[in-house]
Amino acid sequence: MSQTAAHIADDWNKGAIPGMTGPSRGFVAHVLVALTALFGLNWLVVTYVPFEIKMIGSSYLIFFYHFPGAINGALFYLGLFAFSVAYLRTKKPVWDRRARSAAAVGFLANMVLLVTGSTWAKAAWNAWWVWSDPRLMSAAVASLIFLGYLMLQSAVEEPARRRQISAVYGILAFVNIPVVHFSIQWFGQTSHPMKFDAMSAESIVHTRWYAVAAFLVLYSALYRWRYDRTTRNERVEEALNRIRRIEERTHA
Amino acid sequence: MSSGPQSGPQCGASPSATSPTQWGAYCALVRWDWVREMKKKTTLISMGVMGLITLFLFSFAIPISSTKAEILEDTRAGILWVTFLFAATIGIDRAFRNDAESGLLEGLLLAPVERMTLYFARVTSTLLFVVTLQGFLFVLFLVLFNQSISGEGLVGLIVSAIATDVGFVTIGVLISAMTWSLPGGDVMLRILLFPMLLPILNVTVEVADRAFDGRAPTAQQLGMLFAVDALFLGAGSLLFEHLVNDSGGSS
């Protein structure tokens, strides 16, 4: 074995490639904190907030799982924007990996938002999807935009080109979010249940923001997992390329 | 670039052969695109035929008849804009693809022309094609679907259509610069572009609907369209150079 190949094997054995030796203690602790926070959320939903409110009954309880999707999705999309700008300025692959991980988690949060929103719509309006609801539509359009970002990852083969295109599209996607929001809010037709006065009760507001924090811990754990996995895959790919080059030189 | 016939859009003095000003280069690039298209007309014909086919497809998808006129009244603005969108996307997809396949894009990138000039020239020429196409398809739509439009509505429709086209083409050309080199790039262009356009389509379809009823667009609607134009123009001019500077000029 050549010296370079020996170094790669050594790195591998030491677990220098993140994720190769299983999840770190820090990651396990992160997940445990997230699960505990979510357990706390369920406890608040069962014991602290009113079981039902005027006009929409107990179906409103799903908003404690729905609302964090909107806030956290926006936070991770903001992360995607910041990491994409950082990549274009520095050209360091680490920012691209961070941007991709943020986009994946942001998309997941957005999907939780849509699924819980759609479930509530079925209970309240007897329809899984209501085209005239502005918030539902703006969340759906944002999901489609960021789904495009994720699809772009597998569409471009050359890594440097992929990073460049992804960063540009990531910025474009984020600056389009206000357009999506305002165009649909201003020209939509119905009002969203979050505008109901009963939703502003103190216990509901406290629990809603606690839910955002609890889900943020969960989503940040997923972001961490995704980032480590992306880093590991890229380093494995680099290592394999180095081994291939060594083999080619040996055979030549 | 300057070897083609000297017809088409004119915008000031010709650039000097040795060191063109950016404005001169912009005019030359727009004229060059226009003259090439007028010679072969492949893009305009493809877009026009696609628009015609889309209009016919709508006649099958929606029960349009004299006894159900209200269905057409509810859907005509949407039919018109979806037709525009499908047809115009062909032109946007070709904004860089044709030049890249014939090797001309490499020459353009080596020329002493700023990236922003190249971008705005390509946006302008694509916009000219799209507006020409829309004029043709709009007349066809009025004839085939037996529609009419009054003076105030028509002015509102034209203003909002041009405002929408600027945003649509600005962002479309930028995404076209991302996707032309990808395997299945034409499909990716639509996947990336259409969701970006949904918000402004939401507004412009509303404006078209009002126009068919003889009403002008509201200030808020036009404001939204112009704000989107400004946002997309700013984003396009800042981001385009990142797509062509590195990785060996869009490769």
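Only a predicted model underlies this, so the values are computations on that prediction, with no experimental measurement involved. The sequence lines fix the lettering, A, B, ..., with proteins before strands; numbering per chain opens at 1.
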> A:Ala173 versus chain B, heavy atoms under 4.5 Å apart: side chain, backbone, both or neither?
Replying inline: both

> Between A:Glu234 and A:Arg97, is there a salt bridge with N-O shorter than 4.0 Å?
Replying inline: yes

> Which bit of B:Ile171 comes within less than 4.5 Å of chain A, counting heavy atoms only: side chain, backbone, both or neither?
Replying inline: side chain

>> Working note: B:Phe145 + B:Phe141, criterion ring pair (Phe, Tyr, Trp, His ring centres under 6.0 Å); need CA distance, chi angles, decisive distance, verdict.
In response: CA-CA 6 Å; B:Phe145 288 81; B:Phe141 172 80; 5.0 Å; yes

> Which answer fits B:Phe232, side chain, backbone, both or neither, if we ask what part of it has an atom under 4.5 Å from a heavy atom of chain A?
Replying inline: side chain

>> Taking side chain as everything from C-beta outward and backbone as N, CA, C, O, which of these in B:Met196 sits under 4.5 Å from a heavy atom of chain A? Side chain, backbone, both or neither.
In response: both

>> Please check: side-chain N/O of A:Arg162 versus main-chain N/O of A:Glu157, any donor-acceptor pairing under 3.5 Å?
In response: no

>> Quick test of your reading of the model: are B:Arg122 and B:Asp99 salt-bridged, counting only N-O distances below 4.0 Å?
In response: yes

> Just checking, A:Arg208 and A:Phe67: is the charged tip under 6.0 Å from the six-membered ring centre and within 45° of the axis?
Replying inline: yes

> Are any of the side-chain nitrogens in A:Asp228 or A:Arg232 under 4.0 Å away from the carboxylate oxygens of its partner?
Replying inline: no

>> Quick check for you: among B:Ile175, B:Ile200, B:Leu182, B:Val228, which has the greatest number of heavy-atom pairs under 4.5 Å with chain A?
In response: B:Leu182

> Does any heavy atom of chain A fall under 4.5 Å from the side chain of B:Leu239, the backbone, both, or neither of them?
Replying inline: both

> Got a salt bridge between B:Arg94 and B:Asp186, using NZ or NE/NH1/NH2 to carboxylate O under 4.0 Å?
Replying inline: no

>> Is A:Leu152 in contact with chain B via its backbone, its side chain, both, or neither, using a 4.5 Å heavy-atom distance?
In response: both

> Checking B:Leu193 against chain A: side chain, backbone, both or neither under 4.5 Å from a heavy atom?
Replying inline: neither

>> I'd like to know which of A:Val175, A:Val156, A:Leu172 tops the heavy-atom pair count under 4.5 Å against chain B.
In response: A:Leu172

